[in-house]
Q: 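Handing you this structure, nothing more for now.
Proteins get letters first, then strands, A, B, ... in listed order; numbering begins at 1 in each.
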2 protein chains.
Amino acid sequence: MTQAPSKSRSRSKGRVTLSDVAQRSGVSAITVSRALNDPEKVSPNVRDRIEKAVSELGYIPNRAAKSLATNSTNTIAVVIPSISNTVFSSVVKGIYDVCTPLNYEVLFANTYYSIQNEENLLSKLLTQHPDGIIVTGLDISERSEKLLKSASIPVVQIMEVGQQQPIDMNVGISHYDAGKTMGKYLVRKGYQRIGFIGAQMDFRSQRRMSGFLSALAEAGHDSSRYVLTTPEPSTVKLGGQLIGDMLMEHPDIDAVFCNNDDIAYGAIYECQRRHLRIPEQIAIAGFNDLDASACINPSLTTIKTPLYEIGKTAAELLIKRLKNQPIKETQIDLGIKLQERDSA
Amino acid sequence: MTQAPSKSRSRSKGRVTLSDVAQRSGVSAITVSRALNDPEKVSPNVRDRIEKAVSELGYIPNRAAKSLATNSTNTIAVVIPSISNTVFSSVVKGIYDVCTPLNYEVLFANTYYSIQNEENLLSKLLTQHPDGIIVTGLDISERSEKLLKSASIPVVQIMEVGQQQPIDMNVGISHYDAGKTMGKYLVRKGYQRIGFIGAQMDFRSQRRMSGFLSALAEAGHDSSRYVLTTPEPSTVKLGGQLIGDMLMEHPDIDAVFCNNDDIAYGAIYECQRRHLRIPEQIAIAGFNDLDASACINPSLTTIKTPLYEIGKTAAELLIKRLKNQPIKETQIDLGIKLQERDSA
DNA sequence: AACGAAAATGTTAGCGCTAACATTCGGAGG
DNA sequence: CCTCCGAATGTTAGCGCTAACATTTTCGTT
């Protein structure tokens with residue numbers, strides 16, 4: 001068990017390498033490589049010897065070397081606004097559940113909803129030469145688009161499908177239609193003074209709002225009157241503030257569509273605090289149908305979005321493309337569902 | 001702009017490399033490398049030429065090659081139970097906020113609270129040869145511990161500090177003390193039949209529970225009577241079920257400490273549904289102090305935990321170690337705070 | 001027993017980058 | 001004008017792995 005004398009200018013840090021395993025098991029390095037990556041190409045008894053050596057030496061393959069040699073990283077990059085947003089953590093779970101068993105590594109970048117950030121993060125991410133990339137949204141800056149295209153790797157844009165042409169593939173829902181669905185629903189329910197409150201107001205929120213308002217307009221409602229938005233990141237607390245401000249200005253409002261469920265929770269809490277009965281005095285609706293939405297009092301009428309499925313489908317699509325498997329559609333609308341409950 | 005004829009057995013995929021940039025700017029590869037990594041080592045006018053070539057060619061460095069040459073990946077690995085858990089997404093944000101600006105890549109693995117998973121994920125993660133690693137919890141299987149030690153990289157264990165000796169460094173809070181704090185508080189408030197409900201019941205939850213129960217016992221309460229737990233993952237919905245079951249068996253219970261805020265939300269909703277007044281008829285307390293806890297009705301009495309700070313501190317500690325900077329303490333208790341509100 | 005094809009294993013070189021040492025350059029000091 | 005020294009740049013080799021081709025072994029067939 002003597003250490004081989006290191007070469008004059010060696011930079012090795014003494015880690016166990018493939019050749020150590022090869023030496024120990026009396027075969028060449030490439031055979032060990034095959035035993036590990038393609039076991040059926042190696043005879044059973046050699047394979048056993050190699051496995052024994054691997055575990056005795058505690059060999060851990062070096063992925064960087066593999067990447068360099070194969071020109072592929074088995075990594076997929078994911079660009080999302082923020083992991084700490086419940087919405088995206090569901091999406092991310094879907095991505096993980098597909099990638100982990102297939103041995104794809106997942107790399108995140110959080111843009112925090114800033115386009116500037118997106119460009120920087122993107123070029124940083126590409127430094128890792130991911131095999132494929134999942135990015136949030138269809139609205140991408142020209143520079144980002146250029147970066148993505150020049151990387152010449154498959155791209156899936158998620159969360160949204162719509163008029164805009166995706167760079168490559170696309171999985172999501174139509175936010176405009178979602179807004180419209182809710183607008184029609186509230187009109188149909190007979191509400192008269194229907195409002196909208198929203199935070200963050202990224203592109204998708206804006207499209208939800210415009211779908212919503214166009215439904216109201218089509219029904220002859222004065223749609224622009226009861227709208228209150230802020231670019232601040234959306235939180236439960238902010239939902240309370242927004243509904244508060246709205247009620248201050250329009251005490252007669254009788255239904256509010258909230259940007260998302262978090263805002264809706266805040267709105268519900270604030271209404272309770274003001275002893276407004278929901279939905280009799282004021283109806284509240286949300287968007288996403290998070291887990292808690294079915295439990296809150298009153299249970300929240302909202303739009304159910306297939307968050308986990310978006311992540312899962314996007315990852316599957318990407319990996320199919322990477323494995324050159326046939327792909328039926330490159331643009332997938334996973335649809336939404338109006339979840340009628342007690343709050344509206 | 002003719003393509004250099006590829007060598008006989010080239011495996012290159014036509015990506016722009018350092019040498020392409022070098023050729024274009026009329027210097028050697030190493031000079032380009034220096035211009036990019038250590039700009040002040042290169043004369044200004046050469047630097048300009050190189051920068052120009054980089055942007056003209058759209059050069060993106062290959063991190064795998066760099067890792068292989070430098071024997072360091074600029075990557076830190078993070079092992080947590082689940083990203084989709086709000087608690088961990090705060091922690092993760094803390095980690096990101098430290099790592100991203102310093103150009104450290106972050107790699108996740110979700111164990112979903114399974115020790116078996118942890119071992120597998122760990123060996124997969126180590127394949128990437130991260131420079132350092134952050135793992136959740138002090139309770140680690142022997143095999144995992146061996147793996148970590150043999151990787152000989154710095155390790156920070158997070159979420160919890162306690163009796164158990166950490167492998168290397170440690171940032172968190174004492175869950176036992178947290179439970180005890182809440183137990184004492186509820187006793188002091190004069191509640192008589194104090195219970196505990198909990199889901200998931202991982203090691204940390206168990207320690208919270210045992211701290212809590214010992215506080216009750218010390219105060220002469222019959223602590224074991226009003227306890228209801230389940231190993232299922234905790235959700236808001238499950239909180240409702242647990243309190244429901246608890247009330248079925250012990251309708252006289254007058255205070256309940258919930259495993260975490262999500263369970264507490266579910267409990268509050270369910271009590272509302274049953275028209276039990278909180279805190280008059282039944283007090284509810286939680287753990288973590290998530291954003292929504294201050295907004296819910298009634299606002300939730302809970303234990304505030306420094307989630308973001310845990311992530312941030314852990315990442316800072318790890319990076320200090322990686323840069324061989326002096327470290328004052330290797331075990332940091334960030335402490336908790338009892339957040340008194342209306343629900344208890 | 002000889003042949004040939006398939007299976008098993010080996011050799012060589014190169015993926016893109018940087019450490020370590022080597023050389024050249026530019027300018028201050030005599 | 002030469003010497004010397006630090007700054008700027010270059011040369012060489014190697015990080016750990018695998019693609020591509022090369023060689024050897026195995027084994028069924030005639």
Side-chain angles (χ1 to χ4, degrees), chain A residues 4-50 54 57 59-74 126-129 131, chain B residues 4-50 54 57 59-74 126-129 131:
Chain A
S6 65
K7 305 260 177 62
S8 56
R9 275 206 266 163
S10 168
R11 280 178 277 161
S12 158
K13 298 297 181 301
R15 269 186 186 146
V16 178
T17 72
L18 246 203
S19 351
D20 295 333
V21 176
Q23 227 165 38
R24 174 95 166 206
S25 40
V27 294
S28 70
I30 190 75
T31 303
V32 177
S33 168
R34 282 197 275 253
L36 298 176
N37 296 312
D38 249 332
E40 66 286 6
K41 284 195 181 167
V42 170
S43 69
N45 93 60
V46 170
R47 206 187 314 160
D48 288 350
R49 250 168 40 225
I50 292 174
V54 164
L57 295 173
Y59 170 66
I60 293 177
N62 183 328
R63 230 168 141 135
K66 178 173 190 157
S67 295
L68 194 55
T70 57
N71 195 36
S72 88
T73 49
N74 254 263
L126 293 178
T127 277
Q128 304 264 7
H129 288 282
D131 294 346
Chain B
S6 65
K7 307 256 178 67
S8 56
R9 278 206 266 164
S10 168
R11 282 176 277 164
S12 158
K13 298 296 179 300
R15 271 187 184 144
V16 178
T17 71
L18 244 203
S19 351
D20 296 334
V21 176
Q23 225 165 39
R24 175 93 166 208
S25 39
V27 294
S28 69
I30 191 74
T31 303
V32 178
S33 168
R34 283 197 273 253
L36 298 176
N37 296 312
D38 249 332
E40 67 284 5
K41 284 194 181 166
V42 170
S43 69
N45 93 60
V46 170
R47 206 186 314 160
D48 288 349
R49 249 166 42 223
I50 291 174
V54 164
L57 294 172
Y59 169 67
I60 293 177
N62 183 328
R63 232 166 138 138
K66 179 173 189 158
S67 296
L68 194 55
T70 57
N71 194 35
S72 90
T73 50
N74 255 261
L126 293 178
T127 277
Q128 303 264 6
H129 290 281
D131 294 346

Q: Taking the side chain as everything from C-beta on, heavy atoms only, tell me whether A/T73 gets closer than 4.5 Å to A/Q128.
A: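 The answer is no, as the side chains (C-beta and beyond) never meet within the 4.5 Å cut-off.
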Q: Side-chain N or O of B/S33 less than 4.0 angstrom from OP1 or OP2 on C/dT18?
A: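 For C/dT18, OP1/OP2 do have a side-chain N/O of B/S33 under 4.0 Å.
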Q: Check B/Y59 against B/T17 and note the closest heavy-atom contact, atom names and distance.
A: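 Heavy atoms of B/Y59 and B/T17 come nearest at CE1-C, 3.5 Å.
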Q: Rounded to the Å, how far apart are B/R49 CZ and D/dA8 P?
A: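 In whole Å, D/dA8 P and B/R49 CZ are 14 Å from each other.
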Q: What's the CG-P distance between A/D38 and D/dA20, to the nearest Å?
A: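 After rounding, the reported distance stands at 14 Å.
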Q: Of all heavy-atom pairs between A/R47 and A/A35, which one has the smallest distance, and what is that distance?
A: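 Closest heavy-atom pair between A/R47 and A/A35: CG-CB, 4.5 Å.
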Q: On DNA chain D, check which nucleotide each of B/G26 and A/S19 is closest to and give me the residue with the more 5' one.
A: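 So the residue in question is B/G26.
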Q: If we ignore hydrogens and angles and just use 3.5 Å, is the side chain of B/R34 paired with the main-chain N or O of B/V42 as donor and acceptor?
A: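 Checked: no pair found.
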Q: Take the protein atom CG of B/N45 and the nucleotide atom P of D/dA8, then report the distance between them rounded to whole Å.
A: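 So the two atoms are 11 Å apart, to the nearest Å.
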Q: Just the rounded figure in Å: distance from P of C/dA19 to CG of B/L18.
A: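 It works out to 12 Å between those atoms.
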Q: With heavy-atom distances below 4.5 Å as the criterion, would you say the side chains of B/V27 and B/V32 are in contact?
A: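 SC-SC contact between B/V27 and B/V32 confirmed.
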Q: What's the CG-P distance between B/L68 and C/dC15, to the nearest Å?
A: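 About 13 Å, once rounded to whole Å.
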Q: What is the separation between atom CG on B/N37 and atom P on C/dA20, rounded to the nearest whole Å?
A: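 The answer, rounded to whole Å, is 15 Å.
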Q: For B/R63 and D/dC15, give me the distance from atom CZ to atom C1', rounded to whole Å.
A: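 Atom-to-atom, B/R63 to D/dC15, this comes out as 17 Å.
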Q: Which pair of non-hydrogen atoms, one from B/N74 and one from B/R63, has the smallest distance, and what is that distance?
A: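 Where B/N74 meets B/R63 most closely, the heavy atoms are O-NH2, 3.1 Å.
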Q: From the options C/dC17, C/dT18, D/dG16, select the nucleotide whose nearest atom is closest to the side chain of A/N62.
A: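 Comparing C/dC17, C/dT18, D/dG16 against the side chain of A/N62, the answer is D/dG16.
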Q: Take atom CG of A/N71 and atom C1' of D/dC17, then tell me their distance rounded to the nearest Å.
A: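 Taking atom C1' of D/dC17 as the reference, CG of A/N71 is at 13 Å.
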Q: Indicate yes or no for a side-chain donor-acceptor contact from B/D38 to the backbone of B/K41 under 3.5 Å, with no hydrogens or angles considered.
A: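 Pair absent, no side-chain N/O of B/D38 close to backbone of B/K41.
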Q: Which nucleotide wins on minimum distance to the side chain of B/A65, given the candidates C/dT18, D/dC17, C/dG16?
A: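 Closest of the options to the side chain of B/A65: C/dG16.
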Q: Set out, line by line, the N/O atom pairs under 3.5 Å between protein and nucleotides 5-9 of chain C.
A:
| from | atom 1 | to | atom 2 | distance (Å) |
| --- | --- | --- | --- | --- |
| C/dT9 | OP1 | A/S43 | OG | 3.0 |
| C/dT9 | OP2 | A/S43 | N | 3.0 |
| C/dT9 | OP2 | A/S43 | OG | 3.4 |

